[in-house]
2 protein chains.
Amino acid sequence: MSDSITAKGRTMAAKESGTPKVRKRTLSSVVTSQMRQRIVDGTFPPGSQLNEVELARRFATSRGPVREGMQRLVQEGLLVSEPHRGMFVPLLDESDIADLYYARAAVERAAMLRLVDQGVTAATVANLEQALGEMAAAIEREDWGAVATSDLRFHELIVDASGSPRLSRMYAALAGESRLAINILVGSYDGRTDYLEEHAKIFELLVAGNRSGLLGELSRHLQTGQDTATKNSRGAVADSAAAVRDTTT
Amino acid sequence: MSDSITAKGRTMAAKESGTPKVRKRTLSSVVTSQMRQRIVDGTFPPGSQLNEVELARRFATSRGPVREGMQRLVQEGLLVSEPHRGMFVPLLDESDIADLYYARAAVERAAMLRLVDQGVTAATVANLEQALGEMAAAIEREDWGAVATSDLRFHELIVDASGSPRLSRMYAALAGESRLAINILVGSYDGRTDYLEEHAKIFELLVAGNRSGLLGELSRHLQTGQDTATKNSRGAVADSAAAVRDTTT
DNA sequence: GGGTGCCTAACTGTTGACAATTAAGTCCGA
DNA sequence: TCGGACTTAATTGTCAACAGTTAGGCACCC
């Protein structure tokens, strides 16, 4: 019953440039990853429509896999579907951001409490320290996109470490939406140089197992994050919407 | 430029409740609903495979809408995908059930606390009372499937009442999975005649705004639910798996 | 001049056929 | 008798063409 080496003739249909490191993954999944990446990194800005035929052409596939990928991204909160109209990258308004941070707080609180209960493993400590290191390096070179990535990664690591598949699954969607909200205000991160120490504080309290301190610090941290996102998105969403209008006319 | 829109047609359509309920559902969505229904009500038992061509034939469509619906149900936790093999209704083992109830507790706790904060509206009270009424009626006529439905509906109403779209979205998936777990042990509900009063207790504490009591009662309630599910599923999953094996051979 | 109704263009929704993959059954040889 | 490679049936993954819907523009009528 051991895993026999199915080393059969692997037809290398690797075209010259199309797909970088395509493994045994199905086409739909690689298309999904590609689209998720481009939504998250801002290539497809909030408010924009994703044209099926254009994407299919760009990925050198048919519309089937593209539609399938879109279905998944809808459930992740990275796309909204308007029947017979198309798929659009969500425009998060003030109430969306508030709800997003509220839901994140609910999930992270539960994860942290459980993590303290069952103790933080050495591997978790190492992962978190690495994320903090990446964040510091990103701040150093003023790469605010990377700062946002390490920021979300830090929080995601905590949730994953709690060992609940369902909590992780739910949080992944929230993290994706958060990235959407943060994208609008990338560049305004520099006004918040205390990000690193806030995360370091949470890390310390987590290792120390300080429950009440942890909950308080988390609330503060997310609250400031929400305030920043809300404040900076006030005009940003309007601009974004206007920009979309321009491009579509 | 000229923003002087008379806004006549808009106000008419918006103010008026004239939107006919004949919303044009797309084929994919109706197929999705149908499949969700049959998974949840046990027509497609846990462990069974959903054949695309057979379902397409049964729904008198092509495989496209069926595949699209399956994608959605995967994200809801009602199906698992094994690439190049097929879609299967999940078989929840002991750890799955534990994780499921843990995640539910996390979400419901947050929802309840917020609900107490912002006060319970009259509409919410009415909805919850109705759910309790349906539960009592279902118990009376020993319709355990309906008991499970009203049970989950009660909890879902609480989460929805908290007014967080994302919390509701996450909880919907958890509720669907819970229904899957409960289906196995439908009929063993009769051993737990205290279900109604447990829910009534939660309802009272919620209206009274008793935080600590609420959290304690919720923990107890979900714990007993988890214990029952776990205990009754011990042999059930084995039987179910065996039954699936029989039908597939 | 303003409103109304068609009309067209572009897009999504749907379909049936084709290709690729998996797993089980079978046959052969040691 | 056992092991392994081959064959084969069934199922999923992918594709290109067709059909239906939506929204915006244009001419026409009042």
Side-chain angles (χ1 to χ4, degrees), chain A residues 1-15 18-19 22-35 48-74 79-88 244-245 247-249, chain B residues 2 4-10 12-13 19 22-35 48-74 79-88 244-245 247-249:
Chain A
M1 282 301 216
S2 62
D3 47 350
S4 57
I5 312 168
T6 60
K8 58 185 174 182
R10 189 170 297 179
T11 56
M12 285 300 293
K15 293 187 177 181
T19 49
V22 56
R23 286 184 179 175
K24 212 69 180 84
R25 303 181 60 184
T26 175
L27 241 183
S28 314
S29 74
V30 59
V31 167
T32 304
S33 304
Q34 290 276 341
M35 291 195 298
S48 62
Q49 179 176 8
L50 270 64
N51 187 304
E52 292 182 3
V53 294
E54 180 187 334
L55 285 174
R57 193 171 52 232
R58 185 182 304 191
F59 293 135
T61 70
S62 71
R63 285 171 51 211
V66 173
R67 284 178 67 86
E68 218 152 284
M70 284 176 168
Q71 284 295 334
R72 304 189 198 180
L73 296 181
V74 164
L79 284 178
V80 292
S81 166
E82 296 188 24
H84 287 110
R85 287 247 314 148
M87 296 287 198
F88 299 84
V244 169
R245 255 195 305 282
T247 58
T248 51
T249 46
Chain B
S2 64
S4 60
I5 305 174
T6 53
K8 43 187 169 302
R10 164 157 294 193
M12 183 160 48
T19 44
V22 270
R23 53 170 146 179
K24 188 163 295 187
R25 300 189 62 182
T26 176
L27 241 184
S28 314
S29 76
V30 58
V31 168
T32 304
S33 305
Q34 289 277 340
M35 290 195 299
S48 61
Q49 178 177 8
L50 270 63
N51 187 305
E52 292 182 3
V53 294
E54 181 187 333
L55 285 174
R57 194 173 51 232
R58 185 183 304 190
F59 293 134
T61 69
S62 69
R63 285 171 52 212
V66 173
R67 283 177 67 88
E68 217 152 287
M70 284 177 169
Q71 284 294 335
R72 303 188 200 181
L73 296 181
V74 165
L79 284 177
V80 292
S81 165
E82 296 188 22
H84 291 290
R85 287 247 314 148
M87 296 286 199
F88 300 83
V244 169
R245 254 194 306 281
T247 58
T248 52
T249 48

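Here is how names work: the chains are called A, B, and so on, in the same order as the sequence lines, proteins then strands, and each is numbered from 1.
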Enquirer: Taking all heavy atoms of B/V31 and all of B/V66, pick out the closest pair and write down the distance.
Expert: CG1-CA, 4.1 Å

Enquirer: Under 4.0 Å from any atom of DNA chain C, heavy atoms only: list the residues of residues 27-34 of chain B that qualify, in numerical order.
Expert: B/L27, B/S28

Enquirer: Any side-chain heavy-atom pair from A/M70 and A/L55 closer than 4.5 angstrom?
Expert: yes

Enquirer: Of all residues at least two apart in sequence or in a different chain, which pass the side chain to side chain contact (heavy atoms under 4.5 Å, CB included) check with A/S33?
Expert: A/R25, A/R36

Enquirer: May I ask you to decide if B/R85's main-chain N or O and B/Q49's side chain share a donor-acceptor pair within less than 3.5 Å?
Expert: yes

Enquirer: Whole Å only: how far is the CE atom of A/M70 from the P atom of C/dC11?
Expert: 12 Å

Enquirer: Identify the pairs formed between an N or O of the protein and an N or O of nucleotides 6-11 of chain D at a distance under 3.5 Å, and give each distance.
Expert:
{"residue": "D/dT11", "atom": "O5'", "partner": "B/N51", "partner atom": "ND2", "Å": "3.3"}

Enquirer: The criterion is side chain to side chain contact (heavy atoms under 4.5 Å, CB included); which residues satisfy it with B/S81, sequence neighbours excluded?
Expert: B/V74, B/P83, B/M87

Enquirer: Could you work out, with side chain to side chain contact (heavy atoms under 4.5 Å, CB included) as the rule, every residue matching A/R58, not counting sequence neighbours?
Expert: A/R38, A/F44, A/E54

Enquirer: Starting at CZ of A/F59, measure out to CD of A/Q34 and round the result to the nearest 0.5 Å.
Expert: 5.0 Å

Enquirer: With sequence neighbours left out, what residues match B/R72 under side-chain hydrogen bond (donor to acceptor under 3.5 Å, both in side chains)?
Expert: A/Q71

Enquirer: Tell me the closest heavy-atom pair linking A/N51 and A/V53, and the distance in Å.
Expert: OD1-CG2, 2.8 Å

Enquirer: Whole-Å distance between C/dG13 P and B/E68 CD?
Expert: 7 Å

Enquirer: Over how many whole Å does the gap from B/R63 atom CZ to C/dA20 atom C1' extend?
Expert: 12 Å

Enquirer: Just to confirm, is there a sub-4.0 Å distance from OP1 or OP2 of C/dT12 to any side-chain nitrogen or oxygen of B/T26?
Expert: no

Enquirer: Provide, to the nearest angstrom, the distance between the CZ atom belonging to B/F59 and the C1' atom belonging to C/dT15.
Expert: 17 Å

Enquirer: Checking contacts here: which listed nucleotide (D/dC15, C/dA17, C/dT15) is nearest the side-chain heavy atoms of A/T61?
Expert: D/dC15

Enquirer: OP1, OP2 of D/dT12 versus side-chain N and O of B/R67: anything below 4.0 Å?
Expert: no

Enquirer: How close or far is atom P of C/dA23 from atom CD of B/E82, stated in whole angstroms?
Expert: 9 Å

